[in-house]
Participant: 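Here you go, one structure.
Here is the naming used below: chain letters follow the sequence lines, and residue numbers restart at 1 for every chain.
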Amino acid sequence: MRVMPNLFEGKIKESSIFLNRDIMLPSYTPERLPFREKQIEEMVSVLSAAVDDHKPDNLFLYGKPGTGKTSCTRHVLNQLDEFVRAKGLAVKIVYMNCRHYNSKYKVLSRIVQGLYPDRDFIGYSGTFIYENLLKYCKENACRLIIGLDEIDKTKDLDELIYALTRANDELQNSSISILGISNQLMFKDRLDPRTKSSLCERELVFPPYNAEELRAILKDRVKMAFKPDVVEESAINLAAAIAAQESGDARTAVMLMLRAAEIAEQGNHSKVTDKEVKKAKERVEEEIVMDMICSLPEQQQLVLYAIARLTTDKKGIKKLSNEECVLCSGEVYDEYRKIAEKVKASSVSIRWFQEYINELEMYGLLLTTNSGKGFRGHTRLIKLGFDGEKIRSILEKHLLA
DNA sequence: CCTCCACAGGAAGCGCAGGAGT
DNA sequence: ACTCCTGCGCTTCCTGTGGAGG
């Protein structure tokens with residue numbers, strides 16, 4: 001009997017372009033953080049109080065996504081941890097993301113769990129957990145530093161901050177400091193004024209990167225992740241320029257380059273050039289649009305589908321004087337009703353249909369203008385924002401499934 | 001000029017779900 | 001466990017608007 005080859009045989013492929021693909025993934029924490037020297041220095045100067053056996057001020061970091069907040073924090077906290085371990089200092093560090101630990105109870109449990117790794121705190125009351133937090137600080141006379149990433153995701157943040165800052169009143173040779181990180185500057189205004197002033201004893205802004213900085217960051221990563229001379233200089237420049245224009249976000253730039261590299265690999269090209277970056281950008285944009293369409297409520301999908309059908313079937317299309325092809329909202333509503341009936345879905349009133357049109361326009365999926373001369377009465381002229389065939393085919397799969 | 005058309009969009013209110021308060 | 005409240009999605013009703021057509 002012939003032995004079948006294992007299914008995974010031949011799946012280990014030597015990449016022709018990557019040295020280490022992981023370096024291009026969002027989870028990678030870079031060791032060097034260029035253009036953030038000032039922020040790192042500031043963080044170190046605040047936290048160094050702990051090394052000196054004083055309470056560090058609470059520190060609040062904010063800036064848009066991909067501006068290096070998390071990477072810098074991780075880096076600084078790692079360094080601090082390494083340092084205090086080597087010197088045998090009583091400094092404890094707990095870091096977590098509040099997207100997962102999104103309530104006072106969950107955050108406190110996570111902290112205490114980190115302090116007592118051998119014990120299990122599942123199921124105990126909030127008070128018991130809080131008591132244990134205080135007990136640990138008192139017994140170990142330690143400086144506790146709590147890093148809370150995406151702190152704005154915590155539901156009862158006022159109470160959490162209050163509990164943590166009030167703990168300091170009961171502690172003498174020990175303390176608790178908070179290092180909060182947020183993407184949203186505005187969220188501070190939703191807080192209780194007392195919470196705000198205690199959380200934001202010290203603040204640090206992470207501004208977006210400009211194109212020049214993104215270029216340097218990307219170049220650095222590319223050097224580590226790819227084989228030499230695989231990525232062309234101009235491709236790096238283009239990816240940096242696109243990311244700078246869109247968001248000033250290093251993550252976008254790196255993701256774009258990763259996509260471009262994957263496109264090159266699929267096409268068996270040994271080089272990543274402008275062409276791949278451009279293609280990657282298009283593909284990313286298309287994916288965003290398609291994801292958006294798929295996550296729309298069913299009724300809005302039906303409305304969009306009606307518009308896509310009329311557009312691709314060239315039914316009911318009016319040509320404007322400037323050659324633009326548009327649809328009138330009344331006809332779209334009729335078509336929508338017909339389609340809804342066909343797929344046995346309910347349909348909404350014309351008033352609500354208008355709101356759907358507004359919403360779809362807000363998402364950029366539609367473009368509308370008010371009718372002027374040449375149209376009876378007062379109607380809205382509707383046009384698709386993206387390719388009709390693509391929208392139609394994706395919605396057909398989605399709605400008829 | 002008046003009336004009609006074809007719609008936009010405001011206001012009020014309804015039914016329901018989920019959360020807060022007790 | 002219970003009620004009460006609130007927000008959401010939606011319908012119904014209404015008023016406004018501006019060109020077309022007689």
Participant: Can you give me the N/O atom pairs linking the protein to nucleotides 16-22 of chain B at distances under 3.5 Å, or say none if there are none?
Facilitator:
none

Participant: Could you tell me the separation between the CD1 atom of A:Ile357 and the P atom of B:dA8, rounded to a whole number of Å?
Facilitator: 8 Å
Participant: Select base, sugar-phosphate, or nothing to describe what A:Thr368 touches, counting heavy atoms under 4.0 Å on all strands.
Facilitator: nothing
Participant: Can you run down the ring-ring contact (aromatic ring centres under 6.0 Å, His included) pairs that involve residues 207-241 of chain A, sequence neighbours left out, and say none if there aren't any?
Facilitator: A:Phe18-A:Phe226
Participant: Using a distance-only criterion (donor-acceptor N/O pair, under 3.5 Å, no hydrogens), is the base of B:dG10 paired with the side chain of A:Arg351?
Facilitator: yes
Participant: Does anything in residues 296-306 of chain A reach DNA chain C, meaning a heavy atom under 4.0 Å, and if so which residues?
Facilitator: none
Participant: In chain order, what residues pass the side-chain hydrogen bond (donor to acceptor under 3.5 Å, both in side chains) check against A:Ser175, with sequence neighbours excluded?
Facilitator: A:Arg143
Participant: Using the test side chain to side chain contact (heavy atoms under 4.5 Å, CB included), find all partners of A:Leu367 that sit at least two apart in sequence or belong to another chain.
Facilitator: A:Lys383
Participant: Take the protein atom CD of A:Glu361 and the nucleotide atom C1' of B:dG9, then report the distance between them rounded to whole Å.
Facilitator: 14 Å
Participant: So, using side-chain hydrogen bond (donor to acceptor under 3.5 Å, both in side chains) as the criterion, who are the partners of A:Ser71 when residues are at least two apart?
Facilitator: none
Participant: Could you tell me how far apart A:Leu381 (CG) and B:dC7 (P) are, to the nearest whole angstrom?
Facilitator: 11 Å
Participant: Figure out the CD1/C1' separation between A:Ile350 and C:dT11, and round it to whole Å.
Facilitator: 13 Å
Participant: For residues 34-44 of chain A, which residue pairs qualify under salt bridge (charged side-chain N to carboxylate O under 4.0 Å, His left out), counting only residues two or more places apart or in two chains?
Facilitator: A:Glu42-A:Arg202
Participant: Could you give all pairs that pass the salt bridge (charged side-chain N to carboxylate O under 4.0 Å, His left out) test and reach residues 101-118 of chain A, with sequence neighbours left out?
Facilitator: none
Participant: Looking at every strand, decide which applies to A:Tyr356 at a 4.0 Å heavy-atom threshold: base, sugar-phosphate, or nothing.
Facilitator: sugar-phosphate
Participant: For nucleotides 16-21 of chain C, give me every protein contact, N/O to N/O, under 3.5 Å, one pair per line with atom names.
Facilitator:
| residue | atom | partner | partner atom | Å |
| --- | --- | --- | --- | --- |
| C:dG18 | N2 | A:Gly377 | N | 3.4 |
| C:dA20 | OP1 | A:Gly374 | N | 3.1 |

Participant: Identify whether any heavy atom of A:Thr379 sits under 4.0 Å from a base atom; if not, whether one sits that close to sugar-phosphate; answer base, sugar-phosphate or nothing.
Facilitator: sugar-phosphate
Participant: Within the pair A:Ser329 and B:dA8, is there a side-chain N or O less than 4.0 Å away from OP1 or OP2?
Facilitator: yes
Participant: In terms of heavy-atom contacts, does CG of A:Asp291 have more than 12 from other residues, nucleotides or ligands at under 6.0 Å?
Facilitator: yes
Participant: Going by the rule side-chain hydrogen bond (donor to acceptor under 3.5 Å, both in side chains), which residues pair with A:Tyr336 if we only count those two or more places apart in sequence or in a different chain?
Facilitator: A:Gln299
Participant: Would you tell me if any nitrogen or oxygen in the side chain of A:Gln354 comes within less than 4.0 Å of OP1 or OP2 on B:dA8?
Facilitator: yes
Participant: Identify, with sequence neighbours excluded, every residue that meets side-chain hydrogen bond (donor to acceptor under 3.5 Å, both in side chains) alongside A:Lys55.
Facilitator: none
Participant: C:dC10 C1' sits how many Å from A:Glu359 CD, rounded?
Facilitator: 13 Å
Participant: Flag the pair A:Leu204 / A:Phe60 as yes when at least one side-chain heavy-atom distance between them is below 4.5 Å, and no otherwise.
Facilitator: no
Participant: Whole Å only: how far is the CH2 atom of A:Trp352 from the P atom of B:dG15?
Facilitator: 17 Å
Participant: Rounded to whole angstrom units, what separation is found between the OH atom of A:Tyr333 and the P atom of B:dC7?
Facilitator: 11 Å
Participant: Listing request: all ring-ring contact (aromatic ring centres under 6.0 Å, His included) pairs with a residue in residues 233-268 of chain A, at least two apart in sequence or in separate chains.
Facilitator: none
Participant: Could you tell me the separation between the CG atom of A:Asn358 and the C1' atom of C:dG9, rounded to a whole number of Å?
Facilitator: 15 Å
Participant: Do A:Lys69 and A:Asn183 have side-chain atoms, one donor and one acceptor, less than 3.5 Å apart?
Facilitator: yes
